[in-house]
2 protein chains.
Amino acid sequence: MEKSDRKSEILSVAARLFRERGYSAVSMRDIAQEMDMKAASLYNHITSKQQILVSIVIRIAEEFTVGMERISSSGDSAIHQLEQLIDLHIELTLHDPSVIACLNNDWMHLTDSDLKYFLKMRDKYEEGFKAILKRGMTNGEIANVNLEVIMFALLSTLRTFYLWYGRKKLLSGDELKVQMKRVLLNGIITST
Amino acid sequence: MEKSDRKSEILSVAARLFRERGYSAVSMRDIAQEMDMKAASLYNHITSKQQILVSIVIRIAEEFTVGMERISSSGDSAIHQLEQLIDLHIELTLHDPSVIACLNNDWMHLTDSDLKYFLKMRDKYEEGFKAILKRGMTNGEIANVNLEVIMFALLSTLRTFYLWYGRKKLLSGDELKVQMKRVLLNGIITST
DNA sequence: TCTACAAACTAACATTTGTTAGTTTGAGTT
DNA sequence: AACTCAAACTAACAAATGTTAGTTTGTAGA
């Protein structure tokens, strides 16, 4: 669903299968079959199964990293920055849910320097998130609840959104963003 | 971490490894090594790798099913029922995080009737959840936002709590419950 | 028509996988 | 001392795995 060259097709098919069964449960022969070819032929386009995973996971992780840098360096209010982060997650999820699933579930199969690089990015992302929350708390925009708990609640929802998108097709992308912000930021209990 | 017989030990070790690497990436030899025995010896206690997974996943799924039945058949207010559900998730997670991880990540490797049974329970759980939310909305306890979005936000957070518990040991179990309810139900933005 | 080359193929490889069969061990009971 | 039995073992299996080597095919440019 990207460039039409063969390598991108493989990455796309692989991501779909990884999402359904997990990285370890998908064989090169599975991927090949789905592309109507033999497993050995895949190696004309990619160098290893491991590299398929790296291409998928690192690429999307970098997109989140770039997004966080852009948003947190803007001068906007903390709440508005959170809203932009919600948009970022929703947009990337709608664009390719399978890739987000790999990011969530298969990063653990990265090895050595790739794993290290990924974890560095993840840490940085969460640090950026916490910095925004902290600023919002000190200037009174955000309620004074445990910071880790707030971040955990927000990120859990945003990261596993791929599991839910598609169950209610009723909502358009934009409508989803609106509802999500309402639930995540304003809460659930009726404000009387 | 349950009964001290050998079979329970195997289930416990397996759950831990499944959590770290995923069901497919863990071999019988891995499990055996962790128990200081040979793979073949495991079969004195269990009948197959698949059955290990079934034992872990179905057991905990049934615990959630029972919990939902208990809570939703009480006459409490919708908000109070939601609070009890939050407690249920936190308690089961603290009791054995690895088992919760398997429930979340490895259910897809169940087969045939086990998978069917699991999906039936999951559906029923979510129906129970929605019924509570709907009641809370019609009697004004809960804000009138898209019902699926609310459930998704709550369940995402509760289900992936196992990923976060342990990063902030500062909070006790009870303190965690309080903070979680505050964030999930009252929201994040300062109520002025 | 000849050449070049990407992209498919067949065949094979060494490992790893879940599992079975048959055997040994060792502690408790008769 | 003989017996029982759970629980470990060794050895082996067929199947599946990721990957490589070498070969064929089809198309585009000279």
Side-chain angles (χ1 to χ4, degrees), chain A residues 1-58 102 105-115, chain B residues 1-58 102 105-115:
Chain A
M1 274 194 190
E2 283 273 299
K3 288 180 297 176
S4 65
D5 63 278
R6 217 79 171 103
K7 173 162 180 180
S8 299
E9 273 186 75
I10 294 174
L11 295 186
S12 177
V13 166
R16 203 183 75 235
L17 295 182
F18 291 168
R19 177 199 191 164
E20 288 168 9
R21 293 175 233 168
Y23 175 75
S24 301
V26 174
S27 72
M28 293 303 277
R29 287 166 179 80
D30 291 334
I31 298 173
Q33 190 171 42
E34 205 79 0
M35 297 209 56
D36 289 313
M37 46 163 55
K38 295 304 170 80
S41 308
L42 293 171
Y43 289 81
N44 285 318
H45 307 282
I46 51 99
T47 70
S48 69
K49 187 189 180 191
Q50 183 69 207
Q51 197 222 43
I52 294 178
L53 181 69
V54 172
S55 298
I56 294 170
V57 172
I58 296 295
C102 290
N105 305 321
D106 294 322
W107 63 264
M108 56 175 52
H109 299 110
L110 295 173
T111 56
D112 307 328
S113 65
D114 294 317
L115 179 59
Chain B
M1 274 196 190
E2 282 274 299
K3 287 179 297 180
S4 64
D5 63 279
R6 218 78 172 104
K7 172 163 179 178
S8 299
E9 273 186 74
I10 294 175
L11 295 185
S12 176
V13 165
R16 203 184 76 234
L17 295 182
F18 291 168
R19 177 200 192 164
E20 288 168 8
R21 293 175 234 168
Y23 175 75
S24 302
V26 175
S27 73
M28 294 302 279
R29 286 165 179 83
D30 291 335
I31 298 173
Q33 190 171 42
E34 206 77 0
M35 296 208 57
D36 289 312
M37 47 163 54
K38 295 301 169 87
S41 307
L42 293 170
Y43 289 82
N44 285 318
H45 308 282
I46 50 100
T47 70
S48 68
K49 187 189 178 189
Q50 183 68 207
Q51 198 222 41
I52 294 178
L53 181 68
V54 173
S55 298
I56 295 170
V57 172
I58 296 296
C102 290
N105 305 322
D106 293 323
W107 62 266
M108 55 173 55
H109 298 111
L110 295 174
T111 56
D112 307 330
S113 65
D114 294 317
L115 179 59

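Chain letters run A, B, ... following the sequence lines, proteins first, then strands; residues in each count from 1. Just so we're clear, the structure is a prediction, and the values are computed from it rather than from any experiment.
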Expressed in angstrom and rounded to an integer, what is the separation of [X] atom [atom1] from [N] atom [atom2]?
{"X": "A/Ile46", "N": "D/dG18", "atom1": "CD1", "atom2": "P", "answer": "10 Å"}
{"X": "B/Ile31", "N": "C/dT19", "atom1": "CD1", "atom2": "P", "answer": "10 Å"}
{"X": "B/Asp5", "N": "D/dA6", "atom1": "CG", "atom2": "C1'", "answer": "13 Å"}

Return a single string for nucleotides 6-11 of chain C, one symbol per nucleotide in 5' to 3' order, where B is base contact, S is sugar-phosphate-only contact and - is none, cutoff 4.0 angstrom on heavy atoms. -BBBBB
Verdict with supporting geometry, B/His45 and B/Glu9, side-chain contact (heavy atoms from CB on, under 4.5 Å): CA-CA 10 Å; B/His45 308 282; B/Glu9 273 186 74; over 6 Å; no
Do you know the tightest heavy-atom contact between [X] and [Y]?
{"X": "B/Ala25", "Y": "B/Asp30", "value": "O-OD2, 3.8 Å"}
{"X": "B/Met35", "Y": "B/Ile10", "value": "SD-CG1, 3.3 Å"}
{"X": "A/Ala14", "Y": "A/Ile31", "value": "CB-CD1, 4.0 Å"}

Answer yes or no: are there more than 12 heavy-atom neighbours, outside A/Gln51 itself, under 6.0 Å from its atom CD? yes
Only pairs under 3.5 Å count here: list side-chain donor-acceptor contacts from residues 106-113 of chain B, not counting sequence neighbours, and write none if there are none.
residue	atom	partner	partner atom	Å
B/Asp106	OD1	B/Tyr23	N	3.2
B/Trp107	NE1	B/Asn104	O	3.3
B/His109	NE2	A/Arg21	O	3.1
B/His109	NE2	B/Ser24	OG	3.4

Using a cut-off of strictly less than 4.0 Å between a heavy atom of the residue and any atom of DNA chain D, enumerate the qualifying residues of residues 17-29 of chain A by number. A/Val26, A/Ser27, A/Met28, A/Arg29
What distance separates A/Ile52 CD1 from A/Ile46 CD1, expressed to the nearest 0.5 Å? 4.0 Å
Distance-only polar pair, side chains of A/Ser41 and A/Asn44, donor-acceptor under 3.5 Å: no
Please figure out whether A/Thr47 or A/Asp30 has its closest DNA chain D nucleotide nearer the 5' end. A/Asp30
